[in-house]
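Below: one structure, written as structure tokens.
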2 protein chains.
Amino acid sequence: MPVGRRPGAYHCGTDAAMDIIDGKWKVLILWALGEGTRRFGELRRLLPGVTEKVLAAQLRELEADGIVHREDYAEVPPRVEYSLTEMGDQLNEALEPLAAWGKRHVLGVEPAAR
Amino acid sequence: MPVGRRPGAYHCGTDAAMDIIDGKWKVLILWALGEGTRRFGELRRLLPGVTEKVLAAQLRELEADGIVHREDYAEVPPRVEYSLTEMGDQLNEALEPLAAWGKRHVLGVEPAAR
DNA sequence: CCGTATCCGAGTAGATACTG
DNA sequence: CAGTATCTACTCGGATACGG
């Protein structure tokens, strides 16, 4: 089932995907969740500079788009855990070549071997 | 040589790359130039809804980042041609898995075979 | 601990008109 | 044809304070 907030407004797969990961912190969230489940407070510490409001908003968008799963344990003190859905995991994999390009051409890190 | 407008401010290759393609029309410009050299007017027609000002601005950013090459023929009437640099071409390739993901999960187009 | 409410500022994009 | 100039509109993200 298709996701995204601008149904029918895309010209190609790339800008459709861009719409999903559009947001200052989204790829960083993906990155952080790629290593496993994280709690809200952990994510906040992993993303230096993000405010609770913005982090919560971006997490909700990712959740609405089916990229992250939100598990609320309804305990006191509160505990909420975020993790990637299978779709989110695949998105993360699809992002890898882009990460490699960025590392090489933007960060200037040449690959070790050729 | 590294490019990008926020040197040293990146956490990983992905958000470094995101900084380069950040802009409403950039991936569409990449897409259009992927098929060959285009003139300004052609790009404008290929990107329905873009204004001259915004198109010019985004092209200049891509040029500054070493993604597109701008060839001004200094003729009358004016002729300016845009094309991808080698780096831009590689960026376009790095974007392909993301495009495939978007096609499949956002646009809902399943791959033909498995 | 995990958020929401409110207000605000900055940057991005759009419309329109004009120029070399 | 290929832009620039000006003005405006809007959305995103940030700061701070408060709530369950």
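Within every chain, numbering begins at 1; the chains are lettered A, B, ... in the order of the sequence lines, protein sequences first and strands thereafter.
Backbone-only contact: A:Gln58 has heavy atoms under 4.0 Å from sugar-phosphate atoms and none from a base. Residue A:Arg39 is in sugar-phosphate contact alone, with no base atom involved, counting any heavy-atom pair closer than 4.0 Å across all strands shown. Using a 4.0 Å heavy-atom cutoff across all strands shown, A:Gly49 reaches no nucleic acid atom at all. Residue-level contact check: A:Glu81 touches neither bases nor backbone, having no heavy atom under 4.0 Å from any strand. At a threshold of 4.0 angstrom between heavy atoms, the contacts of B:Tyr73 with the nucleic acid are absent.
Here OG1 of B:Thr37 is found 8.5 Å from CG of B:Leu84. Values are rounded to the nearest 0.5 Å.
Here the P atom of nucleotide C:dC2 and the CG atom of A:Leu46 are 13 Å apart, to the nearest Å. Regarding B:Arg79, its CZ atom lies at a distance of 13 Å from the P atom of D:dC1, rounded to whole Å. When the P atom of D:dT4 is taken as reference, atom CG of B:Asp72 falls 11 Å away, rounded to whole Å. Atom-to-atom, CG of A:Leu55 to P of D:dG13 comes out at 12 Å; the value is rounded to the nearest Å. The separation between B:Glu63 atom CD and D:dG3 atom C1' is 13 Å, rounded to whole Å. Here D:dA9 presents its P atom at 17 Å from NZ of B:Lys24, a figure rounded to the nearest Å. What separates CG of A:Leu43 from P of C:dG3 is a distance of 10 Å, to the nearest Å. The CG-C1' distance, from A:Asp22 to C:dG11, rounds to 14 Å in whole Å.
With C:dA15, D:dA2, D:dA15 as the choices, the nucleotide that has an atom nearest any side-chain atom of B:Thr51 turns out to be C:dA15. In this structure, the nucleotide among C:dG14, D:dA2, D:dG20 sitting nearest to the side chain of B:Trp25 is C:dG14. Distances were taken from every side-chain heavy atom of B:Val80 (C-beta onward) to each of C:dC2, D:dG3, D:dC1; the shortest belongs to D:dG3.
The phosphate of D:dC1 has neither OP1 nor OP2 within less than 4.0 Å of any side-chain N or O from B:Arg38. Residue B:Tyr82 has a polar side-chain atom (N or O) positioned under 4.0 Å from OP1 or OP2 of D:dG3. Of the side-chain N and O atoms in A:Arg60, one or more sit less than 4.0 angstrom from OP1 or OP2 of C:dT4.
Under 3.5 Å, the side chain of B:Lys53 and the base of C:dG14 form at least one donor-acceptor pair of N or O atoms.
Ranked by how close their nearest DNA chain C nucleotide is to the 5' end, A:Glu52 and B:Val54 are led by A:Glu52.
Residues A:Leu43 and A:Leu33 form a side-chain contact, since some pair of their non-hydrogen atoms from C-beta on lies under 4.5 Å apart. Between A:Leu95 and A:Ile21 there is a side-chain heavy-atom pair separated by less than 4.5 Å. Side-chain contact between B:Cys12 and A:Leu28: present, with at least one pair of heavy atoms (C-beta onward) separated by less than 4.5 Å. Considering only heavy atoms from C-beta on, B:Gln58 comes within 4.5 Å of B:Ile29 through its side chain.
At a threshold of 4.0 Å, the pair A:Glu81-A:Arg38 does not count as salt-bridged, since none of the basic side-chain nitrogens sits closer than that to a carboxylate oxygen.
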